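Contents: one structure, followed by commentary.
Quantities reported herein were computed from a predicted structural model and do not represent experimental measurements. Lettering of chains follows the sequences in order, A, B, ..., and the numbering in each one begins at 1.
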Amino acid sequence: MKKIINDPETVVLDALRGMQAAHADLLTVHTDPPVVVRADAPVARKVAVISGGGSGHEPMHGGFVGRGMLDAACPGAVFTSPTPDQIASAVAKTDGGGGALLIVKNYTGDVLNFETGAELAAAEGVEVRSVVIDDDVAVKDSLYTAGRRGVGGTVLLEKIVGAAAERGIDLDGCEALARKVIGQVRSMGLALTACTVPHAGEPSFTLADDEMEIGIGIHGEPGRHRVKAGTADEMVRQLLDPIVEDLPFESGDRVLLFTNSMGGSPLIEMYLAHGIAENLLADRGITVERRLVGPYVTSLEMQGMSLTLLKLDDELVELWDAPVNTAALRWGV
Amino acid sequence: MKKIINDPETVVLDALRGMQAAHADLLTVHTDPPVVVRADAPVARKVAVISGGGSGHEPMHGGFVGRGMLDAACPGAVFTSPTPDQIASAVAKTDGGGGALLIVKNYTGDVLNFETGAELAAAEGVEVRSVVIDDDVAVKDSLYTAGRRGVGGTVLLEKIVGAAAERGIDLDGCEALARKVIGQVRSMGLALTACTVPHAGEPSFTLADDEMEIGIGIHGEPGRHRVKAGTADEMVRQLLDPIVEDLPFESGDRVLLFTNSMGGSPLIEMYLAHGIAENLLADRGITVERRLVGPYVTSLEMQGMSLTLLKLDDELVELWDAPVNTAALRWGV
Amino acid sequence: MTCTAEGVVSALRAAVAVVIAHRDELVRLDREIGDGDHGENMRRGFTALLSRLDSEPPATPGSALKLVATTLISTVGGAAGPLYGTAFLRAASAVGDATALDGPAVAKALRGALDGVVARGKAEVGDKTMVDALTPAVAAAEAAGDDMVAVLVAAADAADAGAESTVPLVARKGRASYLGERSADHLDPGARSTALLLRAFADAAQSDERAQR
Amino acid sequence: MTCTAEGVVSALRAAVAVVIAHRDELVRLDREIGDGDHGENMRRGFTALLSRLDSEPPATPGSALKLVATTLISTVGGAAGPLYGTAFLRAASAVGDATALDGPAVAKALRGALDGVVARGKAEVGDKTMVDALTPAVAAAEAAGDDMVAVLVAAADAADAGAESTVPLVARKGRASYLGERSADHLDPGARSTALLLRAFADAAQSDERAQR
Ligand SMILES: Nc1ncnc2c1ncn2[C@@H]1O[C@H](COP(=O)(O)OP(=O)(O)O)[C@@H](O)[C@H]1O
Ligand SMILES: Nc1ncnc2c1ncn2[C@@H]1O[C@H](COP(=O)(O)OP(=O)(O)O)[C@@H](O)[C@H]1O
Ligand SMILES: [Mg+2]
Ligand SMILES: [Mg+2]
Ligand SMILES: [Mg+2]
Ligand SMILES: [Mg+2]
């Protein structure tokens, strides 16, 4: 394992200190417990939009803290859900009287820790709501499983709900909007290589030089099945077809297409894959109206990609286009 | 070699098509010859700021095309300088009567091709100037060698000169500014892994699991020497000390610190390294006034990082802060 | 023999040592069917517990168990943090203010722990989770009679067997469930850590007993 | 024997075949001390040349050489593109409008090529570049007399030896120079491609001669 770190145990705090130095205009990093808070928090009367999860997915979530997106992010250890005290602390630091909306990715650990965190915050008198995003179509959904994971769609959800909160939409409105977005966003990913969790020291799985994992999540966990790695055309199709058929997305739909690098795959490959996905969607009569391309929801140095489709309407387009000023997403300001 | 591509021969054009789809609001991609041009080019009377180089360094340069930065970028094959016809075509498509400034990285191939390209453009009656950036302190400079390479400093140069051109500074002024920036920017990089050029099919070099290359460039070429990979503290020091001592940067200096991922190293490690570099500079009495952290000048999927220091004054700070609207850098708009 | 606050604390110290010794094993198990952090999550939590046991020595078995709960909840993270946290919280409630625990009290504590895990995680036996280790442990404890040591040994033995039983299973809860069929033929890391904890408690109780004889 | 436009074209076709056949070797050499693209750059350029030779058959040796120059300049990129482009451009100027080239004309063309490369790249013998292959080739060609085939064979032999001579050298020009001492013990890819081209020209001339006998 070769990494630019000092000590697996202090990776997250060390990186947070660098983040603070790099973005003091946008955010404030607290370390005990670790919470990244927007620089001007709390914003009076605004709904505080809060997310969090294991570290190792940068820029998610700390890179999305700032005006028009998240009020706070709770970074756990690498690939480990944050603890309830972090979540309660995030609420306490950002509540401006408008209540807090917690955006939780659907993993057992995240759901349980956010649940307890929300209880702690509610006990302090803050009105707290939670939404759980589960956009990963690679996972079979059933009442008798942990359900689908939250993956790439999280970025789109946080941007759109963050924009609504910034406009003064209230907690009910933000929650309803979040549920609407969750209802119409779908994702799927693949990996060409595994990643190595610093404190694990070894890759989570190994792939032969001609293999890829289809249906990977974002925690270095293996995917649903392993196949021969083919051309980019084949890869994109293997991700896009299940996504489109799941919702389903249909001819005439307007969508946002998000082509995401898992971290280690270079941008040139993302643009290449994005171009293919745009063509395939055009063939299906689906109109791509907005796009995002790059490494936004990553698994450390894992090579691979994910695609996310969000069904758009005028409301969502407007909220997507609204100003955002964070380390990773910035426009309109 | 596993990559998200269809065919090594068409990688660059395929990616350019995806880039066009993703950023039609910012840029227009021409394919014969390949040139990425800002959407509203030519801008009347403005100096056209043009750069280019081999592909595989994304987002450089195409990701820097747009208002406040580049008017055009000429993408060569992967790690291969573009050809003179591309450069001449970029000038023809962006000249608004203010002449063109070519920003050339100091590689034999880039210098020679831009030289010929500039001659072709001048023959069409456009006033063309060229500046050559050579900020890599890893390379021994001498009259009897190819000289230092152009690396990370290129982004800062393009941003600052682009801002000046946008403000209506003339060709003389832009050229003088560019030479000033080149005179006070220094960089150095290291690699933890090699990258694989698609048409080469195999990594350019191999490193043992405990080794790193110090003084790498951005073309997958091996570096100056190979050492045991140590802690992040040691890595950052091995890059920063030679940079600081080269110019030299001195106590009381104001600087921009650019912590760059070579592509495959995750953002969490960049923030961690950035934090260390900020501390080391503070220890030397050097004030970090602006910063940039992320993968901006990459070598495909190579893991590693580079540091760049630019000495600032009020003029450069103001131009750095000026609005920019490109795929990779965006603020103030 | 019964177990006082002191006995609980020495059992917890033994558990800390076992968790640290088995950190890499638990990481490896979780790498295979999860995300590779279970051993490190447990190590982080139990290391924090160790320093709290030193700085805030608990006065009763119940307050010792509560200290475990709050420590794990605020330091472990992941799925294991809230699940083990709730387990120890419910165990603490089950023993109340008692100053010493006999066999049935320990069985009651274990029952509380299991109920807590199920209430939070909604897993059933056969889902390939820590519930597969804890459920038979509780049953064995309840059948083991009055002797505190015998209860813990029975629980540890049953937990070992329960953990082993997860190997052929296809996971239906937790992160391993994303693997579908590919989760079979692997030991569940949480079931393994549950078995390790119970074995540590049993061993500690046995050696306390030996020391007192 | 002299070389007409037809002869030049058949020599160029032979060169295309040789470049394609040695693509991987040139990539490997450039991977070792450069950036691994030389073979692909040359393949791209000479493949483009092949289709232009088919679509725009040149009328004189000079126009054939000029076609090579413009094709390589606009398709090869890197250092090799402008250097080989200039070489062929100067070779074309050197032969002017002649309809057939004898030995001295070929030697003059080679001298023009070398001057062009040096004018653009400023390299000297010993810098570990294509100049190390081309310089002895020109000297040998100028000493080889009037026979066109003998001139090309002498040039090819000398270029081979010149390319080999780059192995122990430390590069002072081009990308390999960044490696410093580590560039020693490797064959320079550009010197190798120069030797390959000259060998292809010599072989083609020899087999044309045999065919005409
Ligand atoms: N719903 C659940 N009920 C009971 N135990 C569970 C549940 N989900 C997961 N677990 C247990 O948690 C263990 C994983 O813990 P850990 O690796 O620390 O958390 P995470 O899965 O969040 O990385 C699993 O091996 C399993 O035994
Ligand atoms: N200044 C120079 N003069 C002569 N030949 C040079 C010079 N610089 C480089 N070369 C030749 O170019 C070759 C490399 O070509 P190529 O790999 O295609 O370009 P690049 O180095 O831009 O990737 C070297 O092996 C060397 O022979
Ligand atoms: Mg985890
Ligand atoms: Mg090259
Ligand atoms: Mg885990
Ligand atoms: Mg090369």
Side-chain angles (χ1 to χ4, degrees), chain A residues 8-9 33 52-54 56 74-86 88 107-117 120 136 138-140 142-149 194-205 215-226 299, chain C residues 23-24 26-45 47-48 69-86 89 117 119-124 126-129 170-183 186 190:
Chain A
E9 272 199 50
C74 305
V78 173
F79 291 174
T80 299
S81 331
T83 54
D85 52 323
Q86 290 178 263
Y107 300 95
T108 307
D110 288 44
V111 169
L112 295 180
N113 283 288
F114 271 89
E115 242 171 56
T116 309
L120 293 174
D136 186 357
V139 172
K140 284 216 193 77
S142 136
L143 271 180
Y144 307 100
T145 68
R148 289 181 161 177
R149 299 173 287 213
C195 58
T196 301
V197 179
H199 56 241
E202 273 173 68
S204 315
F205 54 92
I216 44 113
I218 56 172
H219 293 91
E221 65 267 47
R224 261 323 256 236
H225 57 279
R226 191 163 290 193
S299 290
Chain C
R23 173 201 180 276
D24 292 355
L26 294 173
V27 162
R28 182 177 50 74
L29 292 174
D30 196 33
R31 233 178 27 230
E32 288 169 10
I33 56 169
D35 56 354
D37 60 355
H38 187 58
E40 174 64 16
N41 294 347
M42 296 294 281
R43 188 205 61 76
R44 193 171 49 243
T47 307
T70 55
T71 305
L72 297 188
I73 288 174
S74 68
T75 57
V76 174
L83 290 171
Y84 276 123
T86 306
L89 209 58
V117 169
R120 301 288 326 246
K122 316 263 176 338
E124 296 172 6
D127 286 352
K128 197 176 182 115
T129 70
V170 172
R172 281 190 302 248
K173 282 280 185 277
R175 201 174 291 282
S177 69
Y178 306 139
L179 285 180
E181 304 290 329
R182 288 166 83 191
S183 64
H186 293 277

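The parts of A:Glu202 that come within reach of chain C are both its backbone and its side chain, each placing non-hydrogen atoms under 4.5 angstrom from that chain. C:Asn41 touches chain A through its side chain: at least one heavy atom from C-beta onward sits under 4.5 Å away, while N, CA, C and O do not. Heavy-atom distances place the backbone of C:Glu32, and not its side chain, under 4.5 Å from chain A. For chain A, the nearby part of C:Arg44 is the side chain; its heavy atoms alone come within less than 4.5 Å.
With sequence neighbours excluded, the residues that form a ring pair (Phe, Tyr, Trp, His ring centres under 6.0 Å) with A:Tyr107 are A:His219.
With respect to chain A, the highest number of heavy-atom pairs below 4.5 Å among C:Arg28, C:Lys122, C:His38, C:Arg175 belongs to C:Arg175. Chain C forms the most heavy-atom pairs under 4.5 Å with one residue out of A:Asp136, A:Asp110, A:Thr108, A:Val111, and that residue is A:Thr108. Ranking A:Thr80, A:Val78, A:Val197 against chain C, the residue ahead of the rest is A:Thr80, based on heavy-atom pairs under 4.5 Å. Contact count versus chain C (heavy atoms, under 4.5 Å) is highest, among A:Ala138, A:Pro203, A:Gly76, A:Gly215, for A:Pro203.
Atom CG of A:Leu120 sits about 12.0 Å away from atom CD of A:Gln86, to the nearest 0.5 Å. One finds the OG1 atom of A:Thr83 at 10.0 Å from the CD1 atom of C:Ile73 (value rounded to the nearest 0.5 Å). To the nearest 0.5 Å, the span separating CD on A:Glu9 from CD on C:Glu40 amounts to 5.5 Å. C:Asp37 contributes atom CG, which lies 8.0 Å from atom OG of A:Ser81 (distance to the nearest 0.5 angstrom).
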Using atom types as modelled, flag every donor-acceptor pair under 3.5 Å from a side chain in residues 79-86 of chain C to any protein atom, sequence neighbours excluded.
unit_1: C:Tyr84; atom_1: OH; unit_2: C:Gly190; atom_2: O; d: 3.3
unit_1: C:Tyr84; atom_1: OH; unit_2: C:Ser193; atom_2: OG; d: 2.7
unit_1: C:Tyr84; atom_1: OH; unit_2: C:Thr194; atom_2: N; d: 3.0
unit_1: C:Tyr84; atom_1: OH; unit_2: C:Thr194; atom_2: OG1; d: 2.7
unit_1: C:Thr86; atom_1: OG1; unit_2: C:Pro82; atom_2: O; d: 2.7
unit_1: C:Thr86; atom_1: OG1; unit_2: C:Arg120; atom_2: NH1; d: 3.4

